[in-house]
Amino acid sequence: MKNSFKLQVYELVKKIPKGKVMTYGQIAVLAGKPKAARAVGNALHKNPDPKKIPCQRVVNQQGRVAFHFAQGGEEKQRELLLKEGVKFKDKLHVILKSNV
DNA sequence: CACATGACTATCC
DNA sequence: TGGATAGCCATGT
């Protein structure tokens, strides 16, 4: 296994542009498995390179951030994302799309 | 190889 | 609208 599904997830996550966030489902689709959102989260859960993988830019369908389990400073990451241009609806909820 | 686990999503009540 | 349940997929033991 050289190109495991999770490896693709890492690549996709690392390719997330600054000031933007991706949902697990979206990443799963890009990886080729629209239903593998769980596997995506699992892949990030292993997170071999949390310093290189902006898992904080990866949120769930609700827009809820997941870095609660990531590098440990959720508030710090929140400010970091805010600096990048990511707007937060709430402390743990980012604005994915203005779908009102 | 089979079972158990997990940072999800969609559907139902 | 919100909580609970079921379904799907990959990884690790």
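So that the names make sense, note that chain A is the first sequence line, chain B the second, and so on, each numbered from 1.
- Of the candidates C/dT11, B/dT9, B/dA7, the closest approach to any side-chain atom of A/N60 belongs to B/dT9.
- The neighbour count for A/K33 NZ, taken as heavy atoms of other residues, nucleotides or ligands under 6.0 Å away, does not exceed 12.
- Looking at heavy-atom distances under 4.0 Å, A/Y24 makes contact with a base.
- Note on A/N42: a base of the nucleic acid sits closer than 4.0 angstrom, heavy atoms only.
- At whole-Å resolution of the value, OH in A/Y10 and P in B/dA7 are 14 Å apart.
- When rounded to the nearest whole Å, the span between CD of A/Q61 and C1' of B/dA7 equals 15 Å.
- In the set B/dT9, C/dC9, B/dA7, B/dA7 carries the atom at the smallest distance from any side-chain atom of A/C55.
- For the pair A/Q62 and A/V40, nearest-nucleotide mapping onto DNA chain B gives the more 5' position to A/V40.
- In this structure, A/L12 places its CG atom 21 Å from P of B/dA7, rounding to the nearest Å.
- Of the candidate nucleotides B/dA7, B/dT9, C/dT11, B/dA7 has the atom lying nearest to any side-chain atom of A/H45.
- Atoms CG (A/L92) and P (B/dA7) sit 15 Å apart, rounded to a whole Å.
- Although no hydrogens or angles enter the test, the distance criterion places no donor-acceptor pair under 3.5 Å between the side chain of A/R57 and the main chain of A/M22.
- Atom pair A/I27:CD1 and C/dA10:P shows a separation of 15 Å (rounding to whole Å applied).
- For the pair A/K33 NZ and B/dA10 P, the interatomic distance rounds to 18 Å; values are reported in whole Å.
- Connection of A/V58 to A/V29 is not established within any shared hydrophobic cluster, with ILVMFWY side chains joined at heavy-atom distances below 4.5 Å, either directly or through further cluster members.
- Atom CG in A/N47 sits about 13 Å away from atom P in C/dG12, given to the nearest Å.
- Regarding A/L7, its CG atom lies at a distance of 19 Å from the P atom of C/dC9, rounded to whole Å.
- If you check every strand for non-hydrogen atoms under 4.0 Å, A/A39 touches a base.
- With hydrogens and angles ignored, the 3.5 Å screen pairs a side-chain donor or acceptor of A/T23 with a backbone N or O of A/Q26.
- Remark on DNA chain C: of its neighbouring residues A/K35 and A/K6, the 5'-side contact belongs to A/K35, judged by nearest-heavy-atom nucleotide.
- Formation of a donor-acceptor pair under 3.5 Å by the A/D49 side chain with backbone atoms of A/K51 is not found in this model.
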